[in-house]
Amino acid sequence: MDRAQILLLGLPLFLLCSDLVNLFVPPPAKPPPPLPHRHHHLQHQPPNPPEALEFPPQKPSAVGGIGLGSTVFINFCSSCSYRGTAVTMKKMLETQFPGLDVVLANYPPPLPKRVLAKLVPVAQIGVFAVIMAGEHIFPMIGIAAPPPWYYSLRANRFGTIASTWLLGNMFQSFLQSSGAFEVYCNDELLFSKLKEARFPGEIELKDLVGRRLANSRVTDGLGVMWS
């Protein structure tokens, strides 16, 4: 084989090996929710007595730190170009709810689709190998003469290789996409694009998270009162 044939076979073989390695790598574990932050307020003695201050001390804001101890998970389809929307929602939530921890993660497709997506490069390599070295492969599997369709593909081998590469990548991208944009707050599902078939609006998502945080604060307050 000449250099062009070695390059056409070597590049897909390298990508196939990387896909096979990623197939047996376990997915990253879901990060645990962060523990509530404990703030230790240090009392500093001002150089002047309080009555000598020019400005009265400000009252603490009622909404400051409303998100402390809470975590929002935005699990989205990374192969669907949803990352920009997820980053926008993350910035909005962190601005509206100070102290809230927003975690972005990929939402993988079901296991059968993931397995099929890993088999696509194998099929591509098989087509490339048959086109490049079919005269040696067919006798090895018990076929003395290559079939007629082999000569048709061989006559336009570069077009066949390009078409196989592009169509295989498109099919693999389709199998890797989940179309998900799932929002969880403290392990409770707030919004699901898989169920609603749409993205959440910024105001809608802010209201959903705000109500969930308010309920959490009420529940925590009752637990402290009865403990």
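Residues: numbered from 1 along the sequence shown. Just so it is clear, the model here is predicted, and its values are computed rather than measured. Values reported hereafter were calculated over all heavy atoms of this structure, with side chains retained and with hydrogens, waters and symmetry mates removed.
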Closest non-hydrogen atom pair between [X] and [Y], with its separation:
| X | Y | answer |
| --- | --- | --- |
| A117 | Q176 | CB-CG, 3.8 Å |
| Y82 | A180 | CD1-O, 3.5 Å |
| C77 | S177 | SG-CA, 3.7 Å |
| P139 | A144 | CG-O, 4.2 Å |
| T71 | L100 | N-CD1, 4.2 Å |
| I143 | A145 | CG2-O, 3.1 Å |

Linking I/L/V/M/F/W/Y whenever their side-chain heavy atoms sit closer than 4.5 Å, directly or via other members, would [X] and [Y] fall into one cluster?
| X | Y | answer |
| --- | --- | --- |
| I137 | I125 | no |
| M170 | L175 | no |
| Y107 | V103 | no |
| L194 | F199 | no |

So, taking the atom named [atom1] in [X] and the one named [atom2] in [Y], what distance separates them when rounded to the nearest 0.5 Å?
| X | Y | atom1 | atom2 | answer |
| --- | --- | --- | --- | --- |
| N186 | F73 | CG | CZ | 8.5 Å |
| K113 | Q172 | NZ | CD | 12.5 Å |
| T88 | L93 | OG1 | CG | 11.0 Å |
| T160 | F128 | OG1 | CZ | 10.0 Å |
| D101 | K90 | CG | NZ | 6.5 Å |
| L167 | F171 | CG | CZ | 11.0 Å |

**Prompt:** Would V183 and L208 count as a side chain to side chain contact (heavy atoms under 4.5 Å, CB included) if you check the C-alpha gap in whole Å, the side-chain angles of each, and the deciding distance to 0.1 Å?
**Reply:** CA-CA 10 Å; V183 181; L208 291 174; over 6 Å; no
Is there a side-chain contact between [X] and [Y] in this structure, where contact means two heavy atoms from C-beta onward sitting under 4.5 Å apart?
| X | Y | answer |
| --- | --- | --- |
| V102 | M89 | no |
| Y150 | E135 | yes |
| F191 | R198 | yes |

**Item:** Geometric cation-pi criterion K206 and F97, 6.0 Å radius, 45° cone
**Value:**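 Cation-pi check for K206 and F97: fails.
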**Under 3.5 Å donor-acceptor, E182 side chain and L189 backbone** =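 Looks like no, no N/O pair under 3.5 Å.
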**Message:** Please check: side-chain N/O of S173 versus main-chain N/O of N169, any donor-acceptor pairing under 3.5 Å?
**Reply:**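 The answer is no, because no donor-acceptor pair under 3.5 Å joins these two groups.
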**Asked** Got a sec: does the CD1 of I203 have more than 12 other heavy atoms crowding it under 6.0 Å?
**Response**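 Atom CD1 in I203 is not packed in, count stays at 12 or less.
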**Request:** Look at the rings of F76 and F181 and say which category their plane angle falls in: under 30° parallel, 30 to 60° tilted, over 60° perpendicular.
**Result:**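 Plane angle between 30° and 60°, so tilted.
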